[in-house]
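Both backbone and side-chain heavy atoms feed into the values below; hydrogens, waters and symmetry mates do not.
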Amino acid sequence: VIEGRLPIRPLHDVVPGLQVSYFGIRGKGNTAAEPDWTLNSAMLSYEHRRFVVTGTWADGTGNQKGDAVDAAGNALDRDGWSVFAEAKLTPKWGLIGRYDQFDPNKSLDDDENTRTIAGLVYHLGKGNDIVLDYDKVDYAKPGKPTDDRIQLTLQVKY
């Protein structure tokens with residue numbers, strides 16, 4: 001697998017928190033058939049002392065595991081996008097929200113899903129956080145139930 005990332009701060013003097021990034025991957029999936037796997041992703045982010053906002057778009061074929069294939073073993077075309085925001089209430093507390101749309105097989109009409117997350121985060125320091133959130137995934141496929149959960153997560157950076 002070959003991958004690369006190119007971040008750019010286009011207005012570093014005027015808007016220092018703004019960043020544009022490209023991330024790309026090309027390789028073979030991890031199965032005996034080794035289906036092609038590609039990913040092209042772009043991200044726009046803005047970080048301020050009171051808030052963070054990001055938007056991500058991704059387009060590709062297959063996946064690293066090698067199981068995103070059709071019946072003939074050909075890698076599936078996939079795409080999606082996501083937006084995320086955190087409002088920093090204090091230096092330690094923040095409110096987060098995220099919305100995603102993902103299509104795991106662009107040749108099908110009923111397999112898309114959307115995810116909505118809303119929560120509260122407590123920053124312990126040094127990249128360690130405690131997050132309490134509500135996470136909901138809606139599936140376009142008829143009969144597939146919505147996933148709803150409330151979760152408490154300890155994020156540890158090491």
Between Tyr99 and Trp81, is the ring centroid distance below 6.0 Å? yes
Can you tell me which residue among Thr146, Asp147, Thr114 is in a side-chain hydrogen bond (donor to acceptor under 3.5 Å, both in side chains) with Tyr139?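 The single option meeting the side-chain hydrogen bond (donor to acceptor under 3.5 Å, both in side chains) with Tyr139 is Asp147.
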Given Asp59, Thr61, Asp111, Asp77, the one that forms side-chain hydrogen bond (donor to acceptor under 3.5 Å, both in side chains) with Lys106: Asp59
Among the clusters formed by ILVMFWY side chains lying less than 4.5 Å apart, do [X] and [Y] turn up in the same one?
X: Val14; Y: Val20; result: yes
X: Tyr122; Y: Val156; result: yes
X: Leu152; Y: Leu120; result: yes
X: Leu154; Y: Tyr134; result: yes
X: Val1; Y: Val69; result: no

Straight-line distance of [X] [atom1] to [Y] [atom2], nearest 0.5 Å:
X: Lys88; Y: Leu95; atom1: NZ; atom2: CG; value: 12.5 Å
X: Ser82; Y: Ile117; atom1: OG; atom2: CD1; value: 8.0 Å
X: Leu132; Y: Ile130; atom1: CG; atom2: CD1; value: 10.0 Å
X: Asn40; Y: Trp57; atom1: CG; atom2: CH2; value: 6.0 Å
X: Thr54; Y: Glu47; atom1: OG1; atom2: CD; value: 10.5 Å
X: Arg115; Y: Gln101; atom1: CZ; atom2: CD; value: 13.5 Å

Verify the neighbour count for atom CG of Asp148: are there more than 12 heavy atoms of other residues, nucleotides or ligands below 6.0 Å? yes
Residues, nucleotides or ligands: over 12 heavy atoms within 6.0 Å of Ile2 CD1: no
Are Pro142 and Asp110 close enough that some pair of their side-chain heavy atoms sits under 4.5 Å apart? yes
In the structure I gave you, are the side-chain heavy atoms of Val53 and Phe84 within less than 4.5 Å of one another anywhere? no
Could you check whether Arg78 pairs with Asp103 (Lys NZ or Arg NE/NH1/NH2 to Asp/Glu carboxylate O, under 4.0 Å)?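 Not counted as a salt bridge, because no side-chain N and carboxylate O are separated by less than 4.0 Å.
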Return the minimal non-hydrogen interatomic distance between [X] and [Y], and the atom names on each side.
X: Val15; Y: Tyr46; value: CG1-CE1, 3.1 Å
X: Arg5; Y: Ser21; value: NH2-OG, 3.7 Å
X: Gly66; Y: Pro35; value: O-CG, 3.6 Å
X: Leu76; Y: Asp70; value: CD2-N, 3.6 Å
X: Gln155; Y: Gly127; value: NE2-O, 3.3 Å
X: Tyr22; Y: Leu39; value: OH-O, 4.4 Å

Side-chain donor/acceptor of Arg9 to backbone N/O of Pro16, under 3.5 Å: yes
How about Asp133 and Gln151: does a side-chain donor come under 3.5 Å of a side-chain acceptor?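 Short answer, yes.
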Is a side-chain donor-acceptor pair under 3.5 Å present for His123 with Glu86? yes
Just do the side-chain contact (heavy atoms from CB on, under 4.5 Å) check on Lys157 and Asn128 with the steps written out, would you? CA-CA 6 Å; Lys157 181 179 179 182; Asn128 302 298; 4.0 Å; yes
Step-by-step side-chain contact (heavy atoms from CB on, under 4.5 Å) determination, Trp37 to Lys28: CA-CA 5 Å; Trp37 172 45; Lys28 297 289 185 182; over 6 Å; no
